[in-house]
Structures are given as C-alpha cells and as structure tokens.
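Let me begin by presenting the structure, written as structure tokens, before commenting on it.
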Amino acid sequence: GIQVEQSPPDLILQEGANSTLRCNFSDSVNNLQWFHQNPWGQLINLFYIPSGTKQNGRLSATTVATERYSLLYISSSQTTDSGVYFCAVEGDYKLSFGAGTTVTVRA
Amino acid sequence: GAVVSQHPSRVICKSGTSVKIECRSLDFQATTMFWYRQFPKQSLMLMATSNEGSKATYEQGVEKDKFLINHASLTLSTLTVTSAHPEDSSFYICSAWVAAGDSDTQYFGPGTRLTVL
C-alpha cells in the first residue's frame, strides 16, 4: 500500500507563531486529506487537496503531486490549534494515514 | 458538512462480554463505511470496510469472528467486539465517503472509547 510519512512528529509553538507540517507519500494519489484530531478524539476535516493550494482562515495547504508531498501551514497559531494533525491519502478506495504531527500551542 | 455519529461514546465492560458500537450517517446515505482502531498516541489503523447488504472486508490481521460488522441499511453500520478482553481496549472510529463531484471526502464519527476490565 501507499506509505505516508509526516514530519515533524512533535511541534511546540508559542501562541502567535507560524508553522509548517509536511506529508510525503510514496505513490501518486487521487485524494489527499488533512485532518485535525482534537483532544476528545474527533477528526475534523481541514482540506481535501490532491493538488494545488487552498486556504481556510489561518490554515492553508499545498500539495505538489508530481513530487509527492503536501504541506500544511498554520499561521498566527492559537491554543485551540493544539492537537494531532493527520495527512491521509487514498488508495483502493481506502485512506492510509500518516503517523501524525502533535502540535502544542502554549499561551 | 456531512455528519457521522457513533454510539456509545464511551463504554466500560467486563472481560468476556460483547460490546456493540453503532455508526450512523445522519444526513447522507453511505453504501460503504469504514472502521478504524486507534491506540493511544498512535495513528488510525483501518480494520475493515463495511458494505451495505454484503459481507465486510477485513484488513490483514483483523479477526472477523472477533470483530463482527453488520451494515444493514444505508445509514447504519455496527461493530460488535465479541468476548472482549483487555487487549481490545482502544478508541474505535467509523467513517464514510461523501461524494462531492470530483472531490470525494471521508468524514469521521466522534469515536467510541472501549475499556475492557
């Protein structure tokens, strides 16, 4: 199956800082999604982004499909941004998840 | 966006008992749903694909007799953990694809935390 690697595994930020999370994948994909898992375990859909760039408020994402990576940008981070960010790619109608990046934003 | 619900959100049971977890798509129909398992500080691992009106497809290493899946309608899939043991304690999450033109997106339920004593 498709291998998904995320980096860094952990990120500690001061409130207001910007950060970049990376997702590398081993094969071409038709579907790539970014999720935020909140402290209660709920996965929140952030972006559907198999290619190109999208922005939603303080978050934006870019996927370069030809080079098999995606980036998630968090700007002006807030404590509510804390949690685990997962990248997932589709193969055979199923999603394969990376190990996640745990983000901690300190006030 | 689409809403997927799960019930119960948390369950504690004694070793040897069976536990049923429900997954519902509230505002859309889902011919296919997925069941994941997540251990603390780990990623989601796909257990099985639930197909409405037919047998579930299990991932390698997942015991189908241990984790019974039933997808009886277009809005409901159930996962039954049979004869649960402490090693089955985990966070179980279901999901479903929502078609939106050429951007199919998978939506997740809030999860069920199972503790087996």
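Quick note on labels: first sequence line is chain A, next is B, and so on, each numbered from 1. Since we're looking at a predicted model, the values are computed, not measured.
- Interface residue Tyr93(A): backbone and side-chain heavy atoms are both found under 4.5 Å from chain B.
- Residues Ile69(B) and Ser77(B) have side chains in contact (heavy-atom distance under 4.5 Å, counting atoms from C-beta outward).
- Only the side chain of Glu90(A) comes within contact range of chain B, with heavy atoms under 4.5 Å apart.
- The contact between Gln42(B) and chain A is made entirely by backbone atoms, counting heavy-atom distances below 4.5 Å.
- Between the side chain of Arg24(B) and the backbone N or O of Thr75(B) there is no donor-acceptor pair closer than 3.5 Å.
- At a 4.5 Å heavy-atom cutoff, the contact between Phe97(A) and chain B is made by backbone and side-chain atoms alike.
- One distance of note links CZ of Phe25(A) with CD of Gln3(A); it measures 13.0 Å at 0.5 Å rounding.
- In this structure, no portion of Gln6(B) lies under 4.5 Å from any heavy atom of chain A.
- Using a 4.5 Å heavy-atom cutoff, the side chains of Trp34(A) and Cys23(A) are in contact.
- When the shell of 6.0 Å around CG of Asp92(A) is examined, it contains 12 or fewer heavy atoms from other residues, nucleotides or ligands.
- Heavy atoms of Leu46(B) lying under 4.5 Å from chain A belong exclusively to its side chain.
- Heavy-atom distances place the side chain of Thr32(B), and not its backbone, under 4.5 Å from chain A.
- Within the 4.5 Å cutoff, the side chain of Asn31(A) has no heavy atoms near those of the Val29(A) side chain.
- Using a 4.5 Å cut-off between heavy atoms, Thr105(B) contacts chain A through both its backbone and its side chain.
- In terms of non-hydrogen atom pairs under 4.5 Å with chain A, the most contact-rich of Tyr107(B), Tyr36(B), Trp97(B), Phe108(B) is Trp97(B).
- Side-chain atoms of Gln29(B) and Glu52(B), non-hydrogen and from C-beta on, never get closer than 4.5 Å to each other.
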